[in-house]
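Read the structure below first, then the notes.
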Number of protein chains: 2
Amino acid sequence: MSARNRASTEDPRVVRTRAAVVAAARDLFLRKGHAGTTMEEIATVAGIAKRTVYNNYADKDALFREIVGDAIAYAETFAHELPGQLASDLDAEDLPAALHDLGARMAHAILRPEIVALRRLLIGEARAFPELARAYFDRAPGRVIDALAAAFGTLADSAVLDVPDVRRAAEQFAYLVVGAPLDRAMLVGEAPGAAERAACAREGVETFLARYGRAPGRR
Amino acid sequence: MSARNRASTEDPRVVRTRAAVVAAARDLFLRKGHAGTTMEEIATVAGIAKRTVYNNYADKDALFREIVGDAIAYAETFAHELPGQLASDLDAEDLPAALHDLGARMAHAILRPEIVALRRLLIGEARAFPELARAYFDRAPGRVIDALAAAFGTLADSAVLDVPDVRRAAEQFAYLVVGAPLDRAMLVGEAPGAAERAACAREGVETFLARYGRAPGRR
DNA sequence: CCTACCGATCGGTAGG
DNA sequence: CCTACCGATCGGTAGG
């Protein structure tokens, strides 16, 4: 049985079918939600019969978890890359430019349409799939906050920042930079344009620096 | 016909029935969502027959819009009261205390379980009922931001605050004070406890004052 | 005669 | 892999 499973998993037809199902389901679930998407629709878009979808996934919820799990992993890669470039050897001169760069990249990444769509889906389905919403929270925003807190701690040790509570400062940085446009995107749909996103990030970083930056480092 | 309609609207039986339907529907829709609530369930909880629900509301969506409209109006009253107490005759001495009071009241109001539940419902149903999500955005967070911006403008005119862009400052104030706990509540469910909410509000206001407060007014 | 209300059921849909 | 079909559910309605 294990041999048969392995063989069927490697069968190129199975691989192609699964890829088509996943692509169709991802598009439909993210655009139309869980209840708004039918298994029939997924099969049609994937170009296969409904029965074939059930040959690969036990039921609708299993397919949904697979798709959302993939999307969370995708969001996690962004979360992981974001604060990585905030080098620990910054001096006070470089700090504002480095934080503005980080803020701009965060705003760009977090307000991507795919991420906004994923967040809306997760919040809407949080009652039915609480473990998925929590997994996203822990692996995407949670990971960004953790990394920011660690970076701020290092910068505080080298007296580039004056941060009494690194975790609080990390949250403030994140929500100063993307809070307003993200909340708007959740409720109104479309995120603000690139110019507004950039301005919000820039001004957010300035407010952060006003509290936590050391005076010599401000421009 | 107008006389007949008026008579039936004032019939105490009708009033009582409608109140029971609205109470049941509000509870169920906010706890279990639109698709997760059946008309049968609403009728049962209200203690009447399903047909009687349909005698008062054309269909499920009409009832849903009524309930959500009421909830938005409720949220709007909070939004309206919030920045009202930020008197325009503040001097620099009183400013920090007044802003901390405002921040604490905002955190308390916005993170109420009913408001959190309403926001989750609206975000989840934003695809199906975009006009409701937008109405909430305009009348609750939008109104708070507007009122904050107006208040900050007055305080800037009397040189109590130094605010180049009142709208931006208003958004930063709001999301510094509630951004992190609100985002967590949307995804993870329960909002943080009172102590964490208060600390987040307090530190948020401090960061706001670091940028926009005039030095003499800081304590 | 009208309004409010109820028990019973239908038409259509979607997961499996 | 498809057609056909089922058991169940639910929004909405007709008769009394």
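First the proteins, then the strands, lettered A, B, ... as listed; each starts at 1. Here the structure is a predicted model, which is why all the values come from computation and not from measurement.
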Exercise. Hey, is the side chain of T52(B) poking within less than 4.0 Å of OP1 or OP2 on dA4(C), counting only N and O atoms?
Worked result: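 Looking at the OP1 and OP2 atoms of dA4(C), neither is under 4.0 Å from any side-chain N or O of T52(B).
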For this session: For atom CZ of R167(A), decide whether the heavy atoms of other residues, nucleotides or ligands shown that lie under 6.0 angstrom number more than 12.
Result: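 More than 12 within 6.0 Å, yes.
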Exercise. Counting only heavy atoms not in R127(A), do more than 12 sit closer than 6.0 Å to its CZ atom?
Worked result: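 It does: R127(A) CZ has more than 12 such atoms within range.
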Nearest-Å distance, [atom1] ([X]) to [atom2] ([N])?
{"X": "R51(A)", "N": "dT3(D)", "atom1": "CZ", "atom2": "P", "result": "14 Å"}
{"X": "N56(A)", "N": "dG16(C)", "atom1": "CG", "atom2": "C1'", "result": "15 Å"}
{"X": "Y57(B)", "N": "dT13(D)", "atom1": "OH", "atom2": "P", "result": "17 Å"}
{"X": "N55(A)", "N": "dG16(C)", "atom1": "CG", "atom2": "C1'", "result": "12 Å"}

For this session: Might you point out which heavy atoms bring D59(A) and M39(A) nearest each other, and give the distance in Å?
Result: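 The answer is C-CE, 4.2 Å.
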For this session: Indicate the atoms forming the closest heavy-atom contact of Y175(A) with A180(B), along with that distance.
Result: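 Scanning both residues completely, I find the closest heavy atoms to be CE1-CA, 3.5 Å.
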For this session: To the nearest 0.5 Å, tell me how far L122(A) CG sits from M186(B) CE.
Result: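 One finds 13.0 Å between CG of L122(A) and CE of M186(B).
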Exercise. So, E76(A) and Y136(A): side-chain donor and acceptor under 3.5 Å apart, yes or no?
Worked result: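 Per modelled atom types, E76(A) and Y136(A) side chains form no pair under 3.5 Å.
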Expected rows: protein N/O vs nucleotides 8-12 of chain D N/O, under 3.5 Å:
unit_1  : atom_1 : unit_2 : atom_2 : d
dG11(D) : OP1    : K60(B) : NZ     : 2.6
dG11(D) : OP2    : M39(B) : N      : 2.9
dG11(D) : N7     : K50(B) : NZ     : 3.2
dG12(D) : OP2    : Y54(B) : OH     : 3.2
dG12(D) : OP2    : K60(B) : N      : 2.9
dG12(D) : N7     : K50(B) : NZ     : 3.2
dG12(D) : O6     : K50(B) : NZ     : 2.3

Exercise. What stems, by residue range, does DNA chain D take part in, given at least 3 consecutive Watson-Crick or G-U pairs under 3.5 Å?
Worked result: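 For DNA chain D no paired stretch is long enough to count as a stem (3 pairs minimum).
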Exercise. What class does the angle between the rings of F64(B) and F129(B) fall in, given that below 30° is parallel, 30 to 60° is tilted and above 60° is perpendicular?
Worked result: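 Tilted: the ring planes of F64(B) and F129(B) meet at 30° to 60°.
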Problem set entry | Distance flag, aromatic centroids of F208(A) and F173(A), threshold under 6.0 Å |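 Yes, the ring of F173(A) comes within the 6.0 Å limit of the ring of F208(A), centre to centre.
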